[in-house]
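A quick write-up on the structure given underneath.
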Amino acid sequence: MGIRTHVFCGVLLAVSLLGLMTLAGCAGSSPPSTTVPPPGNPVGANLTQVSSDPFAVGPGQHATEVEPHMLANGSTLVAAFQTGRISPGGSTDIGWATSTDGGTTWSHGFLPGLTTGEGTGPYDAASDPAVAYDAKHGVWMIASLPISNTSQTPAVVVSRSSDGLTWQNPISVDPTSHSSDKNWIACDSWASSPHYGNCYMEWDDPSNGNRILMSTSADGGLTWGVATSTASQAEGIGGQPLVQPNGTVVVPIETVVVVGKTLTAFMSAFSSGDGGLSWSAPFTIANIQFHGDAAGIRSGPLPSAAVDGAGTVWVVWEDCRFRAKCTTNDLVYSTSTDGVSFSAVMRIPIDDTSSTVDHFIPGIGIDPATSGAGAHVALHYYYYSQSDCTVATCRLSVGYIASANGGATWNAPVALTGPMLLSWLPQSQNGLMVGDYIATAFTNGVPHGVFAVASAISGTTFSEAIYTGQGLTVTASGRQLSSAKDKPLHKLSDNVEQERPEKGVIPPSRRRRSAK
């Protein structure tokens, strides 16, 4: 799923997900590191495994679980993820894991009526799970993309549950649209909102130039409205709807402008103030400056977004603007109180800008009981300690960082896993895979994340499952880090023309459905 992105000598290229590309070396750059640190135990002492892949049917790569999302309501956490990743696209089924006691204990299973791999569904595979909760109707939902090798499929389907433990067969969101990618779902659970109880689905249509589409449900996901484009019929990928207390829906999204062979990518947003009846044209938050992964892990600057208790929108992505010569990615963010005017891009100071650490695939969460200068913000993310590495030498880890004062300062980062070898990860059509996104959610003031952790392969069997961290906090004590003095070192204007793609690269407007 998603537009594969690469930087060549600091210039961003957005390319299709039809195949894995290797990042070419830039003139003057150092050669890849020849030091190969030994892998440690990837499963840290404070990790809890919440699910595993029980399937053995082809063509899934077993045992693998990737690309989790999670949402919280009260003391309940519901996560969803791909189980049994299929290399050309999708997974054997969508798994779920639910805790009703704030993350202390977990139950898990697999969505019924969805895939032939699970045994009760019609589709060959499923992809891109995202979780929502509708407070008005008391319904949990998992949205996913069905995949069929022989017949047409709905654009998106939704599985519903009243308790997060027993799931119904999926409901089609738009049976008339048969091409879709990178869906996301969110519900208006603000009791004071004029659109309380509306749920909003976003996806893009690769067969129609990656056209952004939205659909709205007002009955707990039982029925969905006709798919609606933005005012400008814009193209994009990775939109994540967020709902403010006044009912305004803001959708941060990556947009790509393609003129001939020239590509320009932006972090953008569009909105609706009428309960999803109409959607504005996307407007620019910032240009995207991205350092590609030479080792071939699947990642890219898709947004991770959240809203605080007063409705302030946070958008986080990976970006290299604060690094000399765009050598590694930081995690950066921009915020907005009205969903229209966004702040200047700020760097999350996980480490110094002279470090060799490369950061990617962030998942942001905000405690809904906090807001503004007192917002508790937490992120989980993946990283390499040495960015200038190869498939053989890269070491992948999961980190955590938090702020107790709305990003004014940040606690010291925490390593949640030991390093993983990339050879432990399954293949996708776009590179080695842990997922295009992960997630962070709060229950009763406590942050929880979900992420894929891989251990050594046994023969041809993988060992990659979904984990969560225990004992994480957001405090005002301890070592404080500030990004207030950071200035961009590598900057492109918002209208810069980007380098042309290499021969053979297919632009985003020609992506196929298999790019999931």
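Starting from 1, each residue takes its place in the sequence as its number. Keep in mind it's a predicted model, so treat the numbers as computed, not measured.
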### Task
Evaluate the side-chain proximity of Gln240 to Leu302: yes if any heavy-atom separation is below 4.5 Å, no if none is.
no
### Task
Return yes if some donor-acceptor pair links the side-chain N/O of Ser99 with the main-chain N/O of Thr76 below 3.5 Å, else return no.
no
## Note on the structure
Tightest non-hydrogen contact, residues Pro413 and Tyr381, listed as CB-OH, 3.5 Å
#### Entry: side-chain contact (heavy atoms from CB on, under 4.5 Å) between Val357 and Tyr384, worked out
CA-CA 6 Å; Val357 181; Tyr384 298 143; over 6 Å; no
### Query
Going by heavy atoms in the side chains, are Ser75 and Thr100 under 4.5 Å from each other?
no
### Query
Looking at Leu472, Ile350, Asn411, Leu379, which one forms a side chain to side chain contact (heavy atoms under 4.5 Å, CB included) with Tyr400?
Leu472
### Query
Is there side-chain contact between Trp279 and Glu202, with heavy atoms separated by less than 4.5 Å?
no
### Query
Judged by atom type as modelled, is there a donor-acceptor pair below 3.5 Å linking the side chain of Ser455 to the main-chain atoms of Val43?
no
### Message
Would the distance check show the side chain of Ser159 and the main-chain N or O of Trp167 forming a donor-acceptor pair, the cut-off being under 3.5 Å?
### Response
no
### Query
Is the His359 ring parallel, tilted or perpendicular to the Tyr383 ring (thresholds 30°, 60°)?
tilted
### Query
Between Gln61 and Arg85, does any side-chain donor sit less than 3.5 Å from a side-chain acceptor?
no
### Query
Would a distance-only check, ignoring hydrogens and angles, find a side-chain to backbone donor-acceptor pair under 3.5 Å from Glu65 to Ser52?
yes
### Query
Does any donor atom in the side chain of Asp174 or Ser215 lie under 3.5 Å from an acceptor atom in the other side chain?
no
### Query
Of Thr48, Thr468, Thr440, Thr443, which is the lone residue that meets side-chain hydrogen bond (donor to acceptor under 3.5 Å, both in side chains) with His448?
Thr443
#### Entry: salt_bridge(Lys182, Asp128) N-O dist < 4.0 Å
no
### Message
Looking only at the side chains, is there a donor atom on one of Thr328 and Asp330 sitting less than 3.5 Å from an acceptor on the other?
### Response
no
### Task
For the pair Thr116 (side chain) and Gly119 (backbone), establish whether a donor and an acceptor sit closer than 3.5 Å, ignoring hydrogens and angles.
no
### Query
Once the angle between the rings of His62 and Phe55 is folded into 0 to 90°, is it parallel (under 30°), tilted (30 to 60°) or perpendicular (over 60°)?
tilted
### Query
Are the side chain of His69 and the backbone of Val131 linked by a donor-acceptor contact shorter than 3.5 Å?
yes
### Query
Which distance, rounded to the nearest 0.5 Å, do you find between the CZ of Arg160 and the NE2 of His137?
9.0 Å
### Summary
CG of Asp205 to CZ of Arg211, rounded to nearest 0.5 Å, is 8.0 Å
#### Entry: Side chains of Thr230 and Pro282 in contact at under 4.5 Å (non-hydrogen atoms)
yes
## Note on the structure
Correct closest heavy-atom pair for Ile94 and Leu114 would be CG1-CD2, 3.8 Å
#### Entry: Distance-minimising heavy-atom pair for Met214 and Pro241
CE-CG, 4.2 Å
### Summary
Distance col, row Trp140:CH2 vs Gln168:CD, nearest 0.5 angstrom, shows 15.0 Å
#### Entry: Donor-acceptor contact present, side-chain Ser428 to main-chain Pro426, <3.5 Å
no
### Query
With no hydrogens and no angle check, do the side chains of Ser458 and Thr461 hold a donor and an acceptor under 3.5 Å apart?
no
### Query
When rounded to the nearest 0.5 angstrom, what distance separates CH2 in Trp184 from CE in Met201?
11.5 Å
### Task
Take Glu318 and Tyr382 through the side-chain contact (heavy atoms from CB on, under 4.5 Å) test and state the conclusion after the steps.
CA-CA 11 Å; Glu318 55 199 79; Tyr382 285 92; over 6 Å; no
#### Entry: Flag, side chain of Thr390 to backbone of Ala295, donor-acceptor distance under 3.5 Å
no
### Query
Taking all non-hydrogen atoms of both residues, which atom of Val173 and which atom of Trp224 are closest, and how far apart?
O-CB, 3.6 Å
### Query
Per the side chain to side chain contact (heavy atoms under 4.5 Å, CB included) rule, which among Thr64, Ile457, Val434 passes with Leu425?
Val434
### Query
Taking atom OG1 of Thr255 and atom CE of Met267, what is their separation to the nearest 0.5 Å?
8.5 Å
#### Entry: Within-4.5 Å side-chain heavy-atom neighbours: Ile147 and Tyr123
no
### Query
Looking at side-chain heavy atoms only, is the closest gap between Val66 and Ser91 below 4.5 Å?
no
### Task
Can you see which heavy atom on Ala63 is nearest to which on Asp53, and at what distance?
CA-OD2, 3.4 Å
### Task
Would you mind reporting whether Leu47 and Leu416 have side-chain heavy atoms less than 4.5 Å apart?
yes
### Query
Which atom names give the shortest non-hydrogen contact between Ala72 and Phe442, and what distance separates them?
CB-O, 3.2 Å
### Query
Between Ile348 and Val332, does a side-chain contact (heavy atoms from CB on, under 4.5 Å) hold up when you go through it step by step?
CA-CA 6 Å; Ile348 297 172; Val332 304; over 6 Å; no
### Query
Between Thr83 and Asp93, is any side-chain donor less than 3.5 angstrom from a side-chain acceptor?
no
### Query
Mind checking whether Val398 and Tyr467 have side chains closer than 4.5 Å, heavy atoms only?
no
### Message
If you apply the rule side-chain contact (heavy atoms from CB on, under 4.5 Å), what do you find for Val377 with Trp314, and how did you get there?
### Response
CA-CA 9 Å; Val377 183; Trp314 282 65; 3.8 Å; yes
### Message
Between Thr153 (side chain only) and Ser148 (backbone N and O only), is there a donor and an acceptor less than 3.5 Å apart?
### Response
no
### Query
Side chains of Ser87 and Gln427: is there a donor and an acceptor less than 3.5 Å apart?
no
### Message
As an exercise, state the distance from CE of Met70 to CZ of Phe81, rounded to the nearest 0.5 Å.
### Response
11.0 Å
### Message
When you measure from the side chain of Ser180 to the backbone of Ala155, do you find a donor-acceptor pair of N or O atoms at a distance under 3.5 Å?
### Response
yes
